[in-house]
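A quick note: this is a predicted structure, and the numbers were derived from the prediction, not measured. Protein chains get the first letters and strands the later ones, always in sequence-line order, with residue 1 at the start of each. Every heavy atom of this structure was used, including side-chain atoms; hydrogens, water molecules and symmetry mates were not.
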2 protein chains.
Amino acid sequence: MMQISSQDFLLRNDKLPERAKDSKPLILIVEDEEAIVTLLDYNLRSAGYDTIVARDGEEAVDLALTMAPNAILLDWMLPLRSGLEVCRHLRRFPETNDVPIIMLTARSEEQDKLRGLDMGADDYLTKPFSPQELLARLRAVLRRAQPARLKEILVFADIRMDQGSHRVTRGETLIELAPTEFRLLRHFMQFPGRVFSREQLLDTVWGREKEVEPRTVDVHIRRLRKALNGKADSDVIRTVREVGYSLDQP
Amino acid sequence: MMQISSQDFLLRNDKLPERAKDSKPLILIVEDEEAIVTLLDYNLRSAGYDTIVARDGEEAVDLALTMAPNAILLDWMLPLRSGLEVCRHLRRFPETNDVPIIMLTARSEEQDKLRGLDMGADDYLTKPFSPQELLARLRAVLRRAQPARLKEILVFADIRMDQGSHRVTRGETLIELAPTEFRLLRHFMQFPGRVFSREQLLDTVWGREKEVEPRTVDVHIRRLRKALNGKADSDVIRTVREVGYSLDQP
DNA sequence: CAGCGCCGTAACATAATCGTAACATTTACG
DNA sequence: CGTAAATGTTACGATTATGTTACGGCGCTG
């Protein structure tokens, strides 16, 4: 079916995994003072990181979105958009929501620090700082950064959920889901095979603000089943009597 | 429920395989005439490109999505799906939205050319052509290649936005947009298919200097829809309840 | 300064979704 | 088999989110 020369195919399959897995962490430096950029860049590269540099706030957002860095060093004072603004902005988007951000600032005022952390910064570094301190804090935030990353695309059997476009397909069919059905399915797909009680589902999918009858879950399970299965009888939701429901192979 | 090919979703919003920077550019040749394939293949390889070949429209879409070529040479007349269709199709998906496409055609009629460019082709080559011309144009589009979101001309389905001249067309129709509507549409076209919350849109399209009610977004969506759709009922903006809006195929 | 286009908001209209109760069916178990 | 408990299914009124319209204000431009 695919017409490609064997040479190409081998080449590509050789190269692809390499970059994905054991490449160096990429650090985005957001800083307009050339001297500091040079300093940071030199230290980070010496320590085995890859770096890219943004000179202003706009560029920072651009690069953060396109290059998917593993961490961001973000200067407080910037042209076009302040570091604070950039930080808040990045935190609004799923792609960058969980990238660790270390704020750099000339002042060490408590208030600024708190504001920075409020906006979603992970750590805080006061100029002047030693390269050792920088690297230590960087290692720390990178270490902590593991579990946050929710997958953008969830797959279970022939069901695909794309959280970016907010679409669900089963095989080749596009599935339309109401909001609660979507959240319910997402929760199941985040923990495939695991059984959840009605109470647990109410907690996680509904939230604990309003009291809802446990039996209401049944109704939404029914709606989700109907939407997912169409007319075929391949039910991916398993009822575990006395316990709850799980996403499971038919 | 609509039917979509599984290939469409295979890589949707996933990261495409990233090739090492110093590898040769990969060119996808879409052409059913063997003689021309041979010619193109020989010339491209001599000039230092890697090539893969698709013999029909279906295969073209498949390979474009799975192999992430750096550019596509696309014949106008094809089995299964016309080059025009393939072009439009590829432009609908984020992964292939920004791959440069050069259309190949036997005829040099102005009208075809315009239609091709409307569908999102980057350039146009009339058979017979000299290898020199081919390579020159290829170099040109590769040089210009940029992520969709930084492109000067954005294309989604039959909508074209030229940021240089600040013009928007849908099919043959010129669309007049107020400034906010323009920025809103631009943002959607920079991230086709992606859902944005009202808050995110206020951040990116409005900017956060002044506080604006989230519901104001609805009104501008309405105005944009009205301007784009005319009287036809082909709405390219999808409402995702409780979440936001996205640019999407009708 | 009058007219025009654009914007943000509130108010009202419409549509989608939700939660619940009531009834139907299945299951477990003696 | 027969019964009780658990789950499946359905229909419907209430609620909420979104669609739509109209209006006043503001900044330009002629």
Side-chain angles (χ1 to χ4, degrees), chain A residues 166 168 175-187 195-231 233-248 250, chain B residues 1 166 168 174-187 195-231 233-248 250:
Chain A
H166 216 267
V168 177
I175 309 285
E176 305 270 9
L177 295 179
T180 306
E181 288 150 36
F182 186 91
R183 292 198 306 274
L184 185 57
L185 177 61
R186 181 176 57 193
H187 187 253
V195 183
F196 295 96
S197 70
R198 291 174 179 73
E199 304 295 343
Q200 287 176 321
L201 291 173
L202 286 178
D203 267 9
T204 52
V205 177
W206 272 256
R208 308 175 193 85
E209 275 114 59
K210 53 188 170 187
E211 282 298 309
V212 174
E213 292 293 322
R215 285 303 309 280
T216 300
V217 174
D218 298 31
V219 179
H220 282 273
I221 289 284
R222 147 85 175 153
R223 288 169 179 158
L224 183 54
R225 274 178 168 147
K226 200 166 156 192
L228 279 178
N229 300 338
K231 53 196 175 186
D233 58 345
S234 56
D235 192 354
V236 284
I237 297 180
R238 182 169 60 118
T239 305
V240 182
R241 204 151 218 270
E242 305 255 11
V243 183
Y245 300 95
S246 76
L247 188 63
D248 217 321
Chain B
M1 290 184 183
H166 218 261
V168 177
L174 182 65
I175 308 285
E176 303 274 5
L177 294 179
T180 306
E181 288 150 36
F182 184 88
R183 292 199 309 276
L184 185 57
L185 177 61
R186 181 177 58 192
H187 187 253
V195 180
F196 295 96
S197 70
R198 292 173 179 76
E199 302 292 342
Q200 287 176 328
L201 292 171
L202 287 177
D203 254 18
T204 51
V205 177
W206 273 255
R208 264 313 169 101
E209 284 108 56
K210 52 188 170 186
E211 285 297 312
V212 173
E213 291 293 321
R215 285 302 308 278
T216 300
V217 174
D218 298 30
V219 179
H220 283 270
I221 288 283
R222 147 90 174 149
R223 288 168 180 160
L224 182 54
R225 274 179 168 146
K226 203 165 155 191
L228 279 178
N229 300 338
K231 52 197 173 185
D233 58 344
S234 57
D235 192 355
V236 285
I237 297 179
R238 179 172 65 122
T239 305
V240 181
R241 205 155 221 263
E242 290 198 331
V243 182
Y245 299 95
S246 75
L247 188 64
D248 217 319

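Residue Tyr245(B) places at least one side-chain N or O closer than 4.0 Å to OP1 or OP2 of dG19(D). Under 4.0 angstrom from either OP1 or OP2 of dG8(D) there lies at least one side-chain N or O belonging to Thr239(A). Listed pair Thr216(A) / dT20(C) meets the phosphate criterion, a side-chain N or O lying under 4.0 Å from OP1 or OP2.
Counting heavy atoms from C-beta outward, Leu177(B) and Arg223(B) have side chains that stay 4.5 Å or more apart. The shortest distance between side-chain heavy atoms of Val217(B) and Tyr245(B) falls below 4.5 Å. Using a 4.5 Å cut-off on side-chain heavy atoms (C-beta onward), Arg186(B) and Val168(B) make no contact. Contact of the Arg241(B) side chain with the Thr239(B) side chain is not registered, since no non-hydrogen atoms from C-beta on lie closer than 4.5 Å.
Nucleotides of DNA chain D nearest to Val219(B) and Val243(B) differ in position, and the one nearer the 5' end is that of Val243(B). In terms of position along DNA chain C, the nucleotide closest to Ala178(B) lies nearer the 5' end than the nucleotide closest to the other residue of the pair Ala178(B) and Pro214(A). Along DNA chain C, the nucleotide nearest Lys210(B) and the nucleotide nearest Arg241(A) are compared for position; the residue whose nucleotide lies closer to the 5' end is Lys210(B).
Across the protein-nucleic acid pair, Glu211(B) atom CD and dC7(C) atom P stand 18 Å apart, rounded to whole Å. Atom CH2 of Trp206(B) is separated from atom P of dG8(C) by 7 Å (rounded to the nearest Å). Rounding to whole angstrom units, CD of residue Glu242(A) and P of dT7(D) are separated by 6 Å. The NE2 atom of His220(B) sits 9 Å away from the P atom of dT9(C) (whole-angstrom rounding). Note: CZ (Arg238(A)) to C1' (dT7(D)) measures 15 Å, nearest angstrom. Rounded to an integer number of Å, the gap from Glu209(A) CD to dC18(C) P is 15 Å. The CZ-C1' distance, from Arg215(B) to dT21(D), rounds to 12 Å in whole Å. Put simply, CZ on Phe182(A) is 13 Å from P on dC18(C), counting in whole angstrom units.
Scanning atom types as modelled, no donor and acceptor separated by under 3.5 angstrom connect the side chain of Arg223(B) and the base of dG5(C). Within 3.5 Å, no donor on the side chain of Arg225(A) pairs with an acceptor on the base of dG8(D), nor the reverse. Looking at Arg198(A), its side chain has no donor and acceptor atom pair within 3.5 Å of the base of dG19(C).
Under a 3.5 Å cut-off, the side chain of Arg225(A) and the backbone N or O of Ile237(A) do form a donor-acceptor pair.
Here the nucleotide nearest the side chain of Asp218(A), chosen from dT9(C), dG8(D), dC18(C), is dG8(D). Closest contact between the side chain of Pro179(A) and the listed nucleotides dC18(C), dG8(C), dA16(C) involves dC18(C).
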